[in-house]
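Working notes, structure below.
First listed ligand is number 1; within each ligand, the first listed atom is number 1.
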Amino acid sequence: MRSDIFTNTAPGTLRTLSGEYQSRYGLISYETPSFIPNRLSDYPALTMRTMGAVNRASMAVARLSELGERLPNPDLIRRPIMRREAQSTSALEGTYERLETVLAQDYEPGTNTSGLNESMREILNYIDAADCGIRSIRDGRPITISLIRELQQLLVHNTVSDNPQAGEIRNSQVFIGSPTRKIEDARFVPMPPGHDLNIAVQHLIDWWNSRTEPGLAMLDMAMFHYQFETLHPFTDGNGRIGRLLILLQMMSRGLLHQPLLSVSSWFEQQRSEYQDALFGVSTRGDWDTWVLMFCQGVEESSEDALMRTSRLLFVREQYRKLITDHAYGNTVMETGMLFIGHPFLTVEQLQRYIHKSPTALRNALKRLESLQLIENMGMNTLRQMC
Ligand SMILES: Nc1ncnc2c1ncn2[C@@H]1O[C@H](COP(=O)(O)OP(=O)(O)OP(=O)(O)O)[C@@H](O)[C@H]1O
């Protein structure tokens, strides 16, 4: 990491690290600065433009929350939204599966994924971690180190990163973005592991839990996200856990009651600006650019979630009306409603969710197909058509 781009307004200090790493050519020695951020304390000075973005983001989340309160079946509607988040937060870190494949994957949190490929396992692990986080917040559990460690452990479960450091604050050095594999060329080198890192992470969590002013929650989340990523507490999964925490923080501060927000797709589209903005805080204390970007991301993601959720509600109403107009019975209605949260369903899944005879289910599917609400894709899979 270059040290000359850190100015005297950087909110931290540089410490030189030296060591050796194993390359394919043998042990190579390195010497590089690492960045130790100051503890978060007061709010940074922000421009009027950024304060406006903070307000707009808060209002967009409030609108989404209001819609969430009116949802007839929030758990069903949240399912495709969480899968989309799982797909894009993983894509941001280079783990890619098509969204359709993720939506079609027959999976419920906690079930065995060992037969699946590594990238699908990672994506489904995110669903497990998100599910665990959401349940914890709903049970009134505060955001603590132990909760965050539990989420990271779920995220890396049964993947290449499932090692003795899974679920632990790291005890080894990490380097962000060193594509040439030369440590000196890493874009950012977080602080070394050990006592100081553990204390810094604890301080960050205490800082978060001491913030209670609702009007400042957006700013708190932006600052928290920067500090979390800059500390990089884990050996893997820092980006994904950091972005999951944004949702959990909104829920725990009462800004959002239903987990309808997916921020990663927006950050994925702005990947290099996102990393530059985080880096800009470290190198020159440019909080304004970072907070502005964070709030734009939250605002646009909330607007997008509002649009997607409203569309799902509209589709649900269309299904309901058509099925009612044709005087079809409960099984058709129940089956049709299931497709709202499951754009793809296999016959086996349907049999698991709807406890009716195979003939009744077959008839219900035929009726939904005749109404052109679903389509048979072959291989026992049906797809929502609206
Ligand atoms: N300059 C930077 N300062 C602080 N954080 C950064 C910086 N650049 C990127 N990040 C954060 O680090 C994340 C990527 O980190 P890294 O490539 O080490 O992945 P990771 O820790 O393995 O976790 P994940 O795979 O979930 O990101 C980014 O998503 C971003 O949140």
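From the protein, the heavy atom lying nearest to atom 20 (P) of ligand 1 is G237 N, 3.4 Å. Ranking protein heavy atoms by distance to atom 5 (N) of ligand 1, first place goes to E229 CB, 3.3 Å. For atom 27 (O) of ligand 1, the closest non-hydrogen atom on the protein side is E93 CD, 2.7 Å. Nearest protein heavy-atom contact of atom 22 (O) of ligand 1 is D236 OD1, 2.5 Å. Looking only at protein heavy atoms, the nearest one to atom 18 (O) of ligand 1 is H232 NE2, 2.8 Å. Scanning the protein for heavy atoms near atom 6 (C) of ligand 1, the closest one is L278 CD1, 3.6 Å. Of the protein's non-hydrogen atoms, the one nearest atom 9 (C) of ligand 1 is Q275 CG, 3.7 Å. Annotation: atom 3 (N) of ligand 1 to nearest protein heavy atom, F188 CD2, 3.7 Å.
Seen from the ring of F279, R187 counts as a face-on cation partner, given the 6.0 Å and 45° thresholds.
Geometrically, ligand 1 and H225 share no nitrogen or oxygen pair separated by less than 3.5 Å. Annotation: T235 places no N or O atom under 3.5 Å from an N or O atom of ligand 1; distance criterion only. Geometrically, ligand 1 and F234 share no nitrogen or oxygen pair separated by less than 3.5 Å. Considering backbone and side-chain atoms together, G239 places an N or O closer than 3.5 Å to an N or O of ligand 1.
Distance check: M337 CE to H342 NE2 gives 13.5 Å after rounding to the nearest 0.5 Å.
Look at T230 and you'll find a heavy atom under 4.0 Å from some atom of ligand 1. A heavy-atom separation below 4.0 Å is not found between S282 and ligand 1.
Interface atoms of ligand 1 facing R240, defined by a heavy-atom separation under 4.0 Å, are 24 (P), 25 (O), 26 (O). Near R243, meaning under 4.0 Å from one of its heavy atoms, ligand 1 places the atoms 29 (O), 31 (O).
Using a cutoff of 4.0 Å between basic side-chain nitrogens and carboxylate oxygens, D304 and R308 are scored as salt-bridged. Under the 4.0 Å criterion applied to side-chain N and carboxylate O atoms, E118 and R121 are assigned as salt-bridge partners.
In R187, neither the side chain nor the backbone holds a heavy atom less than 4.0 Å from any atom of ligand 1.
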Would E97 and S119 count as a side-chain hydrogen bond (donor to acceptor under 3.5 Å, both in side chains) here? Give the steps. CA-CA 7 Å; E97 285 286 342; S119 52; 2.7 Å; yes
Output, in order, the C-alpha distance, side-chain angles, deciding distance and verdict of side-chain hydrogen bond (donor to acceptor under 3.5 Å, both in side chains) for N198 and Q202. CA-CA 6 Å; N198 295 342; Q202 185 60 61; over 6 Å; no
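F35 has its ring centre less than 6.0 Å from the ring centre of F6. In this structure, the ring of H232 has its center no less than 6.0 angstrom from the ring center of F188. For W287 and Y226, the ring centers sit closer than 6.0 Å to each other.
Residues E85 and S262 bring a donor and an acceptor atom of their side chains to less than 3.5 Å of each other. Judged by distance alone, the side chains of S265 and R84 do bring a donor and an acceptor atom under 3.5 Å apart.
Atom 31 (O) of ligand 1 has its nearest heavy-atom neighbour, among Y126, F279, Y274, F267, in Y274.
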